[in-house]
There are 2 protein chains.
Amino acid sequence: MANVSAERGRSTRQRLLDAAVALVPEVGWSGVSTRLVAERAGVAPGVVHYHFASVTDLLVAAGLGVTEALLGRLATELRARPDIGEAVEWLLGELSRYSGTDPASLLLVEMFLAATRLPELRERLGEQVGRFRAMVASWLVERGYQGDPAVAAALLAASIDGIMLHRALDPGLDPAALGGPLRAMLGKGAPS
Amino acid sequence: MANVSAERGRSTRQRLLDAAVALVPEVGWSGVSTRLVAERAGVAPGVVHYHFASVTDLLVAAGLGVTEALLGRLATELRARPDIGEAVEWLLGELSRYSGTDPASLLLVEMFLAATRLPELRERLGEQVGRFRAMVASWLVERGYQGDPAVAAALLAASIDGIMLHRALDPGLDPAALGGPLRAMLGKGAPS
DNA sequence: TAAAGTTTTGGACGATCGCCCAAGTCGAAT
DNA sequence: ATTCGACTTGGGCGATCGTCCAAAACTTTA
């Protein structure tokens, strides 16, 4: 039978995934090494290559797991809000809760860059982002957005990630203050 | 006397800086090694540590040089445009000319992440970004922007970088198409 | 031309890397 | 109690890392 310890508490595999997620923001995507992640997970170095074919495989699996969870959470939260303006406010409020060096936001940016050099990650992460944009677009339409919803969704997603990126450099930047122009952006359709 | 070869053609030091700039988008910030950059520059491996105290020092100097030049160019171009909407159009047009894996845009993102773990880079890059935001803010005021110019500048800068980031993942994303909502964002002041 | 200074060379050093594996541990099935 | 398969251990392998340095090559000064 398969691993039994998987049913009680976090399995070794999950411990490795969690350790990888925690380490990427600390030492960077390529700074995560076999021994480092094993030490963080509290296991022997060799165990990494028993559960994963390579360190890269571990990082890809760990990263995509986090983004998939984030995606689901955002979809649920957005759907629960009937008004676009209020949803934007909530979104920026969430961003405010992150410190500039927050693991989650830095992980996402690291993944974007890593995807540039890893075709498999690029494809799978691109698929996730595409799904997110599609979800936001239909969400905008349902709430009466009058412009091109695909364009607005793409710009909104890019803006959110850009704010995360700038906060990594300047934690003093307050996302909540950006609500004005951001709501203005979604308040009317595309002119030309 | 000081290096004379610096006066005729690119000095060895400049060749190293150029090689580093070209390599960062290819192999990542931490993927740039002594031997790699020396080979790309066409010099012996040891020369790197003659001109720079460490590879990190080389990368910081190379990166800040590029961003400083970019900053100056953007300032000049923006000042030459009297209308906000037209300037946004030009900005997005410039972004369109980059492929998703364009060296310049990827370098900037790599620097943001590296700055997270390098206090000196963080401070100097943060100062540059701050100067850029201040420049854009006063530029907006001169052109009659009615909202909080600092907020708009911060959001505009973050959005631009976010678009770059998303284009790294999805080169099919067309920046020019985002002009509508982006102009809407800058077309009115902050409501509340 | 000789001496002094500057720049370049190519390899040495110890540390760490990813990946691999023979041996050991442990629970489940017989 | 014994066998078996899943899992873990800790170290070995060759490669590459950042850094350093003595010697060679080149430039400028005297």
Side-chain angles (χ1 to χ4, degrees), chain A residues 1-24 26-63 110 113-114 117-121, chain B residues 1-24 26-63 110 113-114 117-121:
Chain A
M1 253 269 160
N3 180 14
V4 169
S5 67
E7 271 106 74
R8 53 148 172 73
R10 277 148 72 248
S11 67
T12 299
R13 182 187 163 91
Q14 191 58 48
R15 291 167 64 89
L16 288 172
L17 290 170
D18 293 344
V21 167
L23 279 171
V24 166
E26 290 181 31
V27 298
W29 179 277
S30 61
V32 178
S33 71
T34 312
R35 291 155 182 82
L36 199 57
V37 73
E39 184 195 24
R40 179 65 62 99
V43 296
V47 80
V48 174
H49 287 84
Y50 175 78
H51 290 281
F52 298 92
S54 66
V55 194
T56 301
D57 269 23
L58 164 61
L59 285 168
V60 168
E110 292 274 3
L113 281 183
R117 293 175 283 270
L118 295 175
E120 188 208 336
L121 176 58
Chain B
M1 255 262 160
N3 180 13
V4 168
S5 66
E7 271 109 71
R8 56 149 167 71
R10 276 146 74 249
S11 67
T12 299
R13 182 186 163 92
Q14 190 58 49
R15 293 167 63 88
L16 289 173
L17 290 171
D18 292 344
V21 167
L23 279 171
V24 167
E26 290 181 31
V27 297
W29 179 277
S30 61
V32 178
S33 71
T34 312
R35 291 152 183 85
L36 200 57
V37 73
E39 185 195 22
R40 179 65 62 100
V43 296
V47 80
V48 174
H49 286 84
Y50 175 77
H51 290 281
F52 298 92
S54 67
V55 267
T56 300
D57 269 24
L58 164 60
L59 285 169
V60 168
E110 291 275 2
L113 281 183
R117 293 175 283 269
L118 295 175
E120 188 208 336
L121 176 58

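Per chain, numbering begins at 1; letters A, B, ... match sequence-line order.
Rounded to a whole Å, the CG atom of Leu36(B) is 15 Å from the P atom of dT19(D). In this structure, the CG atom of Leu59(A) is 11 Å from the P atom of dC19(C), given to the nearest Å. Between the CH2 atom of Trp29(A) and the P atom of dG18(C) there is a distance of 13 Å, rounded to whole Å. Remark: P of dC17(D) and CG of Leu23(B) are 12 Å apart, rounded to the nearest angstrom. In this structure, His51(A) atom NE2 and dA6(D) atom P are separated by 13 Å, rounded to whole Å. Atom C1' of nucleotide dT8(D) and atom CZ of Arg13(A) are separated by 16 Å, given to the nearest angstrom. As rounded to whole Å, 14 Å separates atom C1' of dC7(D) from atom CZ of Arg15(A). Going from atom CD of Gln14(B) over to atom P of dT7(C) covers 15 Å, rounded to whole Å.
Residues Glu26(B) and Arg117(A) approach most closely at O-CD, 3.0 Å, considering heavy atoms.
Side-chain nitrogen and oxygen atoms of Thr34(A) include at least one within less than 4.0 Å of the OP1 or OP2 phosphate oxygen of dG18(C). Between Thr12(A) and dT8(D) there is a side-chain polar atom (N or O) within less than 4.0 angstrom of OP1 or OP2. Within the structure, every side-chain polar atom (N or O) of His49(A) is placed at least 4.0 Å from both OP1 and OP2 of dT8(D). Distances shorter than 4.0 Å separate some side-chain N or O of Tyr50(A) from OP1 or OP2 on dC7(D).
When each of dT19(D), dT9(C), dT9(D) is scored by its nearest atom to the side-chain atoms of Val43(B), the top-ranked nucleotide is dT9(C). Distance from the side chain of Val47(A) is smallest for dT8(D) among the nucleotides dT8(D), dG10(C), dT19(D). The listed nucleotides are dG10(D), dT19(D), dC17(D); the one nearest the side chain of Ser33(B) is dC17(D). The listed nucleotides are dG10(D), dG18(D), dT9(D); the one nearest the side chain of Arg35(B) is dG18(D).
Here Val32(B) lies in heavy-atom contact (under 4.0 Å) with sugar-phosphate atoms only.
Arg40(A) places no side-chain N or O within 3.5 Å of a backbone atom of Ala19(A) that could act as its donor or acceptor partner.
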In sequence, state the C-alpha distance, the side-chain angles, and the governing distance for Leu121(A) and Trp29(A), and then conclude on side-chain contact (heavy atoms from CB on, under 4.5 Å). CA-CA 13 Å; Leu121(A) 176 58; Trp29(A) 179 277; 3.8 Å; yes
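For the atom pair Thr34(B) OG1 and Leu16(B) CG, the distance stands at 10.5 Å (nearest 0.5 Å).
Only one option out of Val47(A), Val37(A), Leu17(A) pairs with Phe52(A) in a side-chain contact (heavy atoms from CB on, under 4.5 Å); it is Leu17(A).
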